[in-house]
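For reference, the structure is listed below as structure tokens.
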Amino acid sequence: MAEERHEVKWEDKSCSLEGGSTFLDVKKAFGWKNDVLMVGEGDDARELRARVTGSCTVVPLTFDDERARWALRHTAAHILAQAVKRLRPDAKLAIGPAIEDGFYYDFDVKTPFTPEDLEKIEAEMKKIVSENSPVVREEVDREKARELFREQGELYKVELVEELPEGEPISLYRQGEFVDLCAGPHVASTGMVKAFKLLSVAGAYWRGDERLPMLQRIYGTAFMKAEDLQAHLDRLEEIKKRDHRRLAKDLDLFSIQEEGGPGLVYWHAKGALIRELIEDFWREEHRKRGYDIVYSPHIAKLDLWKTSGHWNWYKESMYSPMAVEEVEYLLKPMNCPFHILMFKNATRSYRDLPIRMGELGTVYRFERSGVLHGALRVRGFTQDDAHLFCTPEQLEEEIIGVLELTQYMLKVFGYSEYYCMLSVRDPEDKGKYAGDDDIWEMGEAALASALKRKNLEYKIDPGEAKFYGPAIDIKIKDALGRLWQGPTIQADFNLPERFDISYIGEDGAKHRPVMIHRTVLGSMERFVAGLVEHYAGAFPLWLSPTQVQVIPVSEKQADYATKVSERLKEKGFRVVSDLGSEKMGYKIRQAQMQKVPYMLVVGGREAENGTVSVRHRALGDLGSFALDEFMDKAAHEASTKALEPAMK
RNA sequence: GCCAGCGUAGCUCAGUGGUAGAGCAGCGGUUUCGUAAACCGCAGGCCAUGGGUUCGAAUCCCUUCGCUGGCUCCA
């Protein structure tokens, strides 16, 4: 055994190592630098301390590799736990994984952590990093692991050990005096975690279950290089700057009023204008695609919600009933029952189908106070809702139509990347859903087939289906690379049953139509809030509340400025003419901060020649233009809903 | 709902037991100016709310409301 040697190849180099060597030896043999965190062998990523088990071909894995990155952050989580144990020996460890962009660790502590604690913990972590302890994996049997953690009083760990599946190796990772139950992988030593920062503390239930104890979670992030950490922190700053709550205030778009109640949005003039423009576009696009646009009431009898099943399935998200002349009414959390009633209002022929009924319908849902978030998560919102009634044969075509509309609208708003999820039933818990198996299978197949025909890649997401049917959920990526819940398309074989709706077929007999619920923008509140962040408040020209601001150089040009703004208004531009006594530079600054797309500076030269000096909020001074030329270009930019300025 | 933090002028924030402050915005003047902040002055606050401790509370303690970050959930 001792004589056994392994040939290890990397690119055109190779080395021969004796049996028992680890990938650390491989790293040394090839002269890899310290930024190598793991080693790739085939499809596997191996820890540096793992043994080389045979001759192989390898590649070095640095922080750029997702697995190496996660290992580094996972080790950072262990360092965090080690530091906490040093400072708070009574802390009980729960779990501490790497996550997207960082890591966290959950602790059960008698007194919660304060922001000052975080600083101390971070300082202790730095010490642990400088100790550069090797991070060593050890496999143990279940009994030994249980014994070890029981002795240390780590009851959450004992619980985890007990639940590990039979036959799976149980591994511990040690670094210095610290030991943790962990599947790994990790980097080779604490010293490799060079750039990290603790970011926040938050409560988190053990196993995410609110009946279980509340733990204290510390979030942090780690990188290879200080610059990368700084870049990440800068990005967090940028996200803060773009926060729709901040920008909605600065740009006077909308607000939430404490006196009015939480989760209820007040659309100020400028925000309302943006919304109106989006809604006009929405209506136009829907009419083009054969939708009927309707309005329905805000309340309806409780019985209607019993028929629809919402009273059963959705009760805890609905506002309490109100009695009107001794009949109980409910504020609507959804529009679907109303559209069904409208469908039912006449005898429908197969010739009428598909019927596409759209509504910008305002609904109210009771959300727990802790989940409200600006305009993104509210209690009253307007959905761009629609219900499509069709024959089973038409289902797939209709879904394709919705997918096409979705793709078009997302493109117009500048969302070029999105991911499709096919939300299907949780196979473990079929009782949670309404309807028979074969109905569900048919729906899932139609959705999947439509996605395939549109060449949209998708992931299957078990357990994410609505109670009444499977769905396509689309996540959209914004300018900062964040994912948002976007369009959703849901097949429904349940409500048509419940309301016993039908159409008369070619055969003269009654048939059950199929229903699709769908929303493209989601809700106006969420969509506009998302757009604010996506555009960082700088809306494209067609959506900007003020499109052009006319700025006279001095009082002498007030008349000319007024004339220019009148001409712009005649052409349909939204114009502000700033005749105040401040200096031009001040006015420009105000317009820049309000993110007005075009500023027209007019001084003596312009007044004389009938021109305007054009300044764009992002491009700066563009020089002199004849007013007509500016108007033509800007009008084109607005009417084409261009995302980029036309005057480049 | 739960855990933690926060709530001072329209906005952004100082003030940590001893008479409520600044900048910006607003208002009144002066200034008429060439591409991101002219100057002078004035006004503006039940320090979220209700209670308590104290000779004295923006400050310390408790209640309620709201917000923030999470847990959980979702358009």
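Chain A is the first sequence line, chain B the second, and so forth, proteins listed ahead of strands; every chain is numbered from 1.
- Side chain A/Glu606 to base B/G34: a donor-acceptor pair is found below 3.5 Å.
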Requested in this report: Go through the steps for A/Thr406 and A/Glu404 under the test side-chain hydrogen bond (donor to acceptor under 3.5 Å, both in side chains), then give the verdict.
Outcome: CA-CA 5 Å; A/Thr406 293; A/Glu404 282 168 355; over 6 Å; no
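- Contacts of residues 234-249 of chain A with RNA chain B (heavy atom under 4.0 Å): A/Arg245, A/Arg246, A/Lys249.
- Side-chain atoms of A/Tyr205 and base atoms of B/G1 include a donor and an acceptor less than 3.5 Å apart.
- When heavy atoms are screened at a 4.0 angstrom cut-off, A/Glu210 is found touching base atoms of the nucleic acid.
- Listed by residue number, the members of residues 545-563 of chain A with any heavy atom below 4.0 angstrom from RNA chain B are A/Val553, A/Ser554, A/Glu555, A/Lys556.
- Judged by atom type and distance alone, A/Ser581 reaches the base of B/U31 through a side-chain donor-acceptor pair under 3.5 Å.
- Closest-nucleotide positions on RNA chain B for A/Pro262 and A/Arg207 were compared, and the one nearer the 5' end corresponds to A/Pro262.
- Between A/Arg275 and A/Glu279 there is a salt bridge, since at least one side-chain N of the basic residue sits less than 4.0 Å from a carboxylate O of the acidic one.
- Looking at the side chain of A/Arg365, the nearest of the listed nucleotides B/U72, B/C74, B/C3 is B/C74.
- If you check every strand for non-hydrogen atoms under 4.0 Å, A/Ala202 touches a base.
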Under 3.5 Å donor-acceptor pairs involving side-chain atoms of residues 258-267 of chain A, not counting sequence neighbours:
residue  : atom : partner  : partner atom : Å
A/Trp267 : NE1  : A/Glu525 : OE2          : 3.4

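- The aromatic rings of A/His387 and A/His339 stand perpendicular to each other, their planes meeting at an angle above 60°, with 30° marking the opposite boundary.
- When heavy atoms are screened at a 4.0 angstrom cut-off, A/Phe527 is found touching no nucleic acid atom at all.
- Taking atom CD on A/Glu259 and atom P on B/G7, their separation rounds to 20 Å, with Å as the unit.
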